[in-house]
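Note sheet for the following structure.
Values below: every heavy atom of this structure, side chains too, minus hydrogens, waters and symmetry copies. As the structure lists them, so they are numbered: ligands from 1, and atoms in each ligand from 1.
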Amino acid sequence: MNTSPNFDFNNDFPPDFTWGVATSSFQIEGAHDADGKGPSIWDTFCLDPANIKDQSDGTVACDHYHRYREDVGIMASLGVDAYRFSMAWARVQPDGKGAWNEAGFGFYDRLLDELAARKIRPHLTLYHWDLPQGLQDEGGWLNRDTAHRFADYAHEVARRFGDRIEAIATHNEPWCTANLGYGNAQFAPGVADLKQSIQVSHHLLLSHGLAMRAMREVGSRAKLGIVLNQWTADPATDSPEDRALAEFEYARSTAWFMDPIFKGHYPELALRGHGANAPEVRDGDFDIIRQKIDFLGCNYYFRAWCSSATPPVPAPAKQGVTDMGWEIYPQGLPELLVKLKAEYPELPPIYITENGMANPDKVADGHVHDPQRIAYVRSHLHALKQAMEAGVDVRGYFLWSLLDNFEWNSGYSKRFGIVHVDYATQQRTLKDSALWYREFIAARARA
Ligand code: IFM
């Protein structure tokens, strides 16, 4: 596949295809204690400088809480149809249970008004990793009760805003919450315990099902679903060991979250592999988890490359790696989507809710030249088109991310935005990729 920024590629996606950009609350909002907001586990995690590569935190981030009008204006100038963002639970319910914070809801109310005024359709994620610290103090996601608190929160948000939002996702990438938050301590709350991480994944899925039920009760017009980070897993060699590793990797990641939602059980291979670390599942849990969803959000960045050798055989990375060190592998996207379609007959319409790359971008003479990102996005859109031509029902694409932002344990050292942010001045500069995306959207096929 040609990945040069200039290879010929027209926007001949369906005319009603949704083009968007994505962000999340903790990564851009800042205003960490404004207007009654409670602390989240990421506020706490950042207090230990050893946790974040550049010792930074989210107290100011992109100051989007105060600059949301400017940021929505940028989106409007790009011509996007939709904006995917998340709500900071601790902003609207400081302790994660009990009293609601009207001032916190006020921010999202104003943001929704601004989006409506610009005709940008909101896609909300309820949970993008910033659990209220108050709930963490009671055991966080390891405590089954947190799933019920999440359902209360989902119900309240749907009741207040459901008719003004196009789509609500319960979770963003629960794999990360479980595996990075509880498996290897790279993310908040910083626990490294395999058994706990697997139990947490079950509580996250349970909370998804409970929240779906709670939001359905409200009966708002928002479409309801979940956002998963997903990948295929390729063996590095043909050896039985590498093949077994790849099968297990797929089962314990992509299938681990898909099977309960669409089949009502965990994948057998992963359960066997987890052995004594398998989660405690109560009677009726899978009935709760297996709710019909209106859409699946798929975040795609890379494939898993599975090598049992020491040292491991590196991924071929024929198209290079991003600034995160992630292999650029657009072909994995259609491979993944076609596989999902074959494996899950009840698969609902899909949105690519995240895709993009980190790049060491710099402003020079008021410009940011990021041909690598343009090539990345183009090649992934080209690949996405192949999946659609193969019959996968994909309705939209959200570029990660609108703005450079707080990249979790990498702090501000990694830039994913199509808009550059100078953190000292909060100056926003459209990168070449933003200008390209604007032209690409504008050239969409007319009906
Ligand atoms: O920045 C993250 C985002 O919060 C979740 N998906 C992956 C992105 C890049 O790492």
N or O contact, E354 vs ligand 1, cut-off under 3.5 Å: yes
Side-chain donor or acceptor of N179 paired with backbone N/O of W175 under 3.5 Å: yes
Enumerated ligand 1 atoms positioned under 4.0 Å from heavy atoms of H128: 3 (C), 4 (O), 5 (C)
Nitrogen or oxygen atoms of N299 and ligand 1 under 3.5 Å apart: no
Sole candidate of F406, W408, F45, W89 that passes ring-ring contact (aromatic ring centres under 6.0 Å, His included) when paired with W129: W408
Atoms of ligand 1 close to W129 [distance to a heavy atom under 4.0 angstrom, numbered from 1]: 5 (C)
Under 4.0 Å to a heavy atom of W408 - the qualifying atoms of ligand 1, by number: 1 (O), 2 (C), 3 (C), 4 (O)
Side-chain donor-acceptor contact under 3.5 Å, Q386 with Q331: yes
Per atom 1 (O) of ligand 1, closest listed option by heavy atom (E173, M324, K414, E407): E407
Per-residue contact class, F187 against ligand 1 - non-hydrogen pairs under 4.0 Å: neither
Test ring pair (Phe, Tyr, Trp, His ring centres under 6.0 Å) applied to H203 - qualifying residues, sequence neighbours left out: none
D242 (side chain) donor-acceptor with S308 (main chain) under 3.5 angstrom: yes
Aromatic ring proximity F17/W19, centre distance under 6.0 Å: yes
